[in-house]
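Owing to the predicted nature of the structure, the values given are computational and were not obtained by experimental measurement.
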Amino acid sequence: MGIFLNPGKKAFAEAVRSEIYVDKTGLIQYTNKVLGTTQKCICVSRPRRFGKSIAADMLAAYYGIGCDANDLFQNYSIAKHADYKKHLNNYHVICVDMNSFLYRRDKTTGKAVTPLQAVGLFHTEIIRELKLQFPQSVLEECSDLPAVLAQINEDSGEQFIIIIDEWDSLFREAKQEIEAQEAYMELLRGLFKNAASRKFLKLAYMTGILPIKKYGTESALNNFREFTMIHPGPLSAYVGFTEEEVADLCRRYTMDFEEAKNWYDGYSFQKIAHIYNPNAVVNAMLDGEFQNYWSRTETYESLKNYISMNFDGLKDVIIQLLAGCRCMIDIETFENDMVHFQSKDDVMTVLIHLGYLAYDSAKREVYIPNEEVRSAFVRAIKKCEWNYVIQAIEASDQLLQATWRKDEEAVAKAIDQVHLEHASILKNNDENSLSCVISLAYYHAVNEYRILREMPAGKGYADLIFLPRKHSDKPAMIVELKHNQSAGHALRQIEEQQYAKALTMYQGELLFVGINYDKKSKTHQCLIQSIQKN
């Protein structure tokens with residue numbers, strides 16, 4: 001076994017033997033299905049800390065010849081499938097983390113290698129290990145990895161599974177190094193796209209944050225099937241933890257599932273409705289508390305740079321998203337790199353791939369997925385010095401206090417102020433826009449409430465329902481919004497449509513809050529009614 005050639009099972013064994021390991025071996029069933037077919041080239045893009053490296057280590061342990069990994073898999077889902085033993089430890093595997101070359105230091109000078117040198121190391125270090133395994137096929141003077149693999153295949157018929165973790169790190173970390181990028185792309189084409197690779201390649205599995213870069217209208221490696229945060233397809237369940245997996249962990253660690261859902265749920269795909277951030281869930285279970293683990297990732301420092309880009313309408317969209325609204329975007333213009341941004345939609349699209357936004361493919365809308373990410377946005381906004389946004393967030397505590405004491409005038413004035421400072425996001429002057437402003441004004445309500453928007457209730461849909469969290473002693477609230485009507489009309493709708501029936505398990509004080517925005521006077525009116533729900 002070598003460092004890159006047939007690296008063995010040690011890395012995956014560490015994951016399996018950790019205190020928390022969630023069975024994702026079902027992924028192997030998919031890769032077994034495409035082995036040696038025209039669908040054998042797979043590229044999986046995920047945000048940091050979403051389990052990409054563990055999946056790569058798992059595949060290396062399962063397929064790699066020279067080690068018996070049955071002990072790691074026999075108790076998991078893949079072992080139940082008929083072809084489990086057929087492929088277990090039956091192939092030569094080349095497994096590479098691109099960062100292992102990109103962040104290398106020259107042994108002679110001690111200086112960091114250049115990106116172009118890193119590409120050279122990719123060739124030479126794997127060839128060195130191949131020469132030890134296939135001495136008759138690897139000539140001393142050969143320095144081209146695809147050519148070496150082609151010669152080995154010609155001599156022995158051997159085929160290879162090639163796994164590249166963080167495949168896109170050169171494009172992300174060396175954005176301006178065009179020569180190195182071209183050399184790297186030439187290497188990847190040789191490994192995965194030319195006529196010789198069709199013979200020596202059994203399976204290609206690449207992971208990264210970004211999808212494969214576009215050159216013009218074509219992808220440089222258009223024979224890859226891509227599974228992204230926008231289109232995860234049949235691999236949706238392996239993006240992160242499913243709801244069932246998180247519920248099981250919450251039972252095991254006696255943690256509040258609803259809190260876990262609020263903090264880490266929010267990514268939703270056509271095949272899987274609820275996907276959770278796996279790294280955050282694991283940390284929360286082990287620490288015994290829910291908090292923001294997102295800001296510990298490297299991409300957090302770049303978030304403020306993206307949201308500060310000078311594209312028309314970008315800041316307004318960020319504010320709407322922060323308020324819990326959704327926004328339509330066009331994802332097709334993004335060039336799959338971190339350099340060529342031409343519009344706010346490009347920025348939104350890269351934030352999807354980084355995990356800071358979730359994407360509803362049916363509606364073509366983006367939204368902030370959960371409280372963990374929303375708090376990361378607030379921290380980034382503070383660094384951007386968007387003072388009027390921060391002031392609105394900080395004033396939300398006073399708005400909540402005014403609502404609880406039923407001070408209708410104070411509530412109306414507070415919302416007037418937020419409306420005045422964020423008039424640009426109210427350009428439609430409708431109830432949807434008003435909902436964004438109200439949600440921003442009540443930002444800190446998430447500390448006391450689960451906030452449900454457009455929830456089926458009674459005979460209709462309640463605009464906003466504030467349901468107290470288990471630790472909270474505050475009253476539940478149903479907020480109905482009107483535009484150019486009256487606050488009284490809003491209260492009557494809550495009663496007539498029987499919205500309170502939605503709170504079937506709630507007992508205690510319940511506030512009905514009617515809010516109306518008058519376009520002519522540019523002011524809000526508020527009426528609050530209190531009932532006791534038994």
Side-chain angles (χ1 to χ4, degrees), residues 20 22-24 46-52 228-232 235-297 299-300 321-327 351-363 365-378 439 443 445-456 464-472 502 505:
I20 293 177
V22 173
D23 181 7
K24 293 295 183 180
R46 302 280 184 272
R48 290 197 184 280
R49 307 294 187 264
F50 268 66
K52 299 188 301 295
T228 70
M229 292 299 287
I230 292 174
H231 299 298
L235 302 190
S236 298
Y238 310 108
V239 172
F241 289 170
T242 65
E243 188 148 273
E244 294 77 11
E245 290 163 346
V246 175
D248 181 65
L249 287 172
C250 286
R251 285 190 294 269
R252 179 175 155 192
Y253 285 87
T254 61
M255 296 285 281
D256 187 336
F257 172 67
E258 289 301 325
E259 279 295 296
K261 187 178 183 68
N262 175 64
W263 273 93
Y264 310 122
D265 186 17
Y267 304 96
S268 180
F269 309 116
Q270 289 185 1
K271 292 182 179 293
I272 303 289
H274 299 277
I275 288 291
Y276 293 65
N277 180 329
N279 177 70
V281 170
V282 168
N283 280 314
M285 298 299 118
L286 296 178
D287 291 349
E289 62 178 333
F290 299 108
Q291 58 173 291
N292 179 0
Y293 296 96
W294 194 273
S295 57
R296 301 179 188 181
T297 68
T299 53
Y300 169 73
L321 295 172
L322 188 64
C325 300
R326 293 183 172 215
C327 298
L351 291 178
I352 296 170
H353 293 298
L354 293 173
Y356 285 105
L357 294 177
Y359 181 67
D360 184 331
S361 59
K363 297 180 179 179
E365 292 176 338
V366 290
Y367 57 95
I368 294 177
N370 52 49
E371 181 57 27
E372 181 185 40
V373 178
R374 194 162 73 130
S375 64
F377 266 96
V378 171
S439 297
Y443 176 84
V446 295
N447 297 325
E448 299 285 345
Y449 295 99
R450 287 175 55 213
I451 303 175
L452 309 173
R453 295 173 173 83
E454 291 294 325
M455 179 180 174
L464 292 164
I465 292 181
F466 293 75
L467 188 62
R469 299 188 177 282
K470 290 182 178 180
H471 68 269
S472 177
M505 303 299 293

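- In this structure, CG in N292 is found 12.0 Å from CZ in R374, a value given to the nearest 0.5 Å.
- For the atom pair CG (L452) and CG (L467), the distance works out to 6.0 Å, reported to the nearest 0.5 Å.
- Taking 4.5 Å as the limit, some side-chain heavy atom of V378 sits within range of a side-chain heavy atom of Y443.
- Classified by interplanar angle (parallel below 30°, tilted 30° to 60°, perpendicular above 60°), the ring pair Y264/Y293 is tilted.
- The two residues Y359 and S361 have their closest heavy-atom pair at CE2-CA, 3.4 Å.
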Checking side chain to side chain contact (heavy atoms under 4.5 Å, CB included) for the pair L464/S439: CA distance, chi angles, key distance, verdict?
CA-CA 9 Å; L464 292 164; S439 297; 4.1 Å; yes

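- One finds a salt bridge joining E258 and R450 here, because a Lys/Arg side-chain nitrogen approaches an Asp/Glu carboxylate oxygen to under 4.0 Å.
- When the options T242, D248, V281, L249 are evaluated for a side-chain contact (heavy atoms from CB on, under 4.5 Å) with V22, the one that passes is L249.
- Counting heavy atoms from C-beta on, the side chains of S236 and I275 never come closer than 4.5 Å.
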Report the C-alpha separation of K470 and E259 in whole Å, then their side-chain angles, then the decisive distance to 0.1 Å, and conclude whether the side chain to side chain contact (heavy atoms under 4.5 Å, CB included) test is met.
CA-CA 9 Å; K470 290 182 178 180; E259 279 295 296; over 6 Å; no

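- Of all heavy-atom pairs spanning V373 and G355, the tightest one is CG2-O, 4.1 Å.
- The main-chain N or O of D256 is never found under 3.5 Å from a side-chain atom of K261 such that the two would form a donor-acceptor pair.
- The CG atom of D360 lies 8.5 Å from the CD atom of Q270; values are rounded to the nearest 0.5 Å.
- One distance of note links CD of Q291 with CD of E372; it measures 9.0 Å at 0.5 Å rounding.
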Pair H353, I230 - check side chain to side chain contact (heavy atoms under 4.5 Å, CB included), show working.
CA-CA 8 Å; H353 293 298; I230 292 174; 3.8 Å; yes

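- For A273 against S268, the heavy-atom pair with the smallest separation is O-OG, 2.9 Å.
- Between R49 and N283 there is no side-chain heavy-atom pair separated by less than 4.5 Å.
- For the pair G240 and K24, the tightest heavy-atom approach, listed with the atom from each and the gap, is O-NZ, 2.8 Å.
- Residues Y449 and I465 form no side-chain contact, since every pair of their non-hydrogen atoms from C-beta on lies 4.5 Å or further apart.
- Taking 4.5 Å as the limit, some side-chain heavy atom of F290 sits within range of a side-chain heavy atom of M285.
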For R469 and N262, run side chain to side chain contact (heavy atoms under 4.5 Å, CB included): C-alpha distance rounded to whole Å, both residues' side-chain angles, the deciding distance at 0.1 Å, then the answer.
CA-CA 10 Å; R469 299 188 177 282; N262 175 64; 2.9 Å; yes

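- At least one side-chain heavy atom of F50 sits under 4.5 Å from a side-chain heavy atom of N277.
- Within the model, atoms CG of L286 and CE of M255 stand 9.5 Å from one another, a figure rounded to the nearest 0.5 Å.
- To the nearest 0.5 Å, atom CG of residue D265 and atom CZ of residue F241 are 13.5 Å apart.
- Taking the side chain as every heavy atom from C-beta outward, N370 and W263 never approach each other to under 4.5 Å.
- Using a 4.5 Å heavy-atom threshold, the side chains of V239 and Y267 count as separate.
- Between F257 and Y276, the ring-plane angle classifies as tilted under the 30° and 60° cut-offs.
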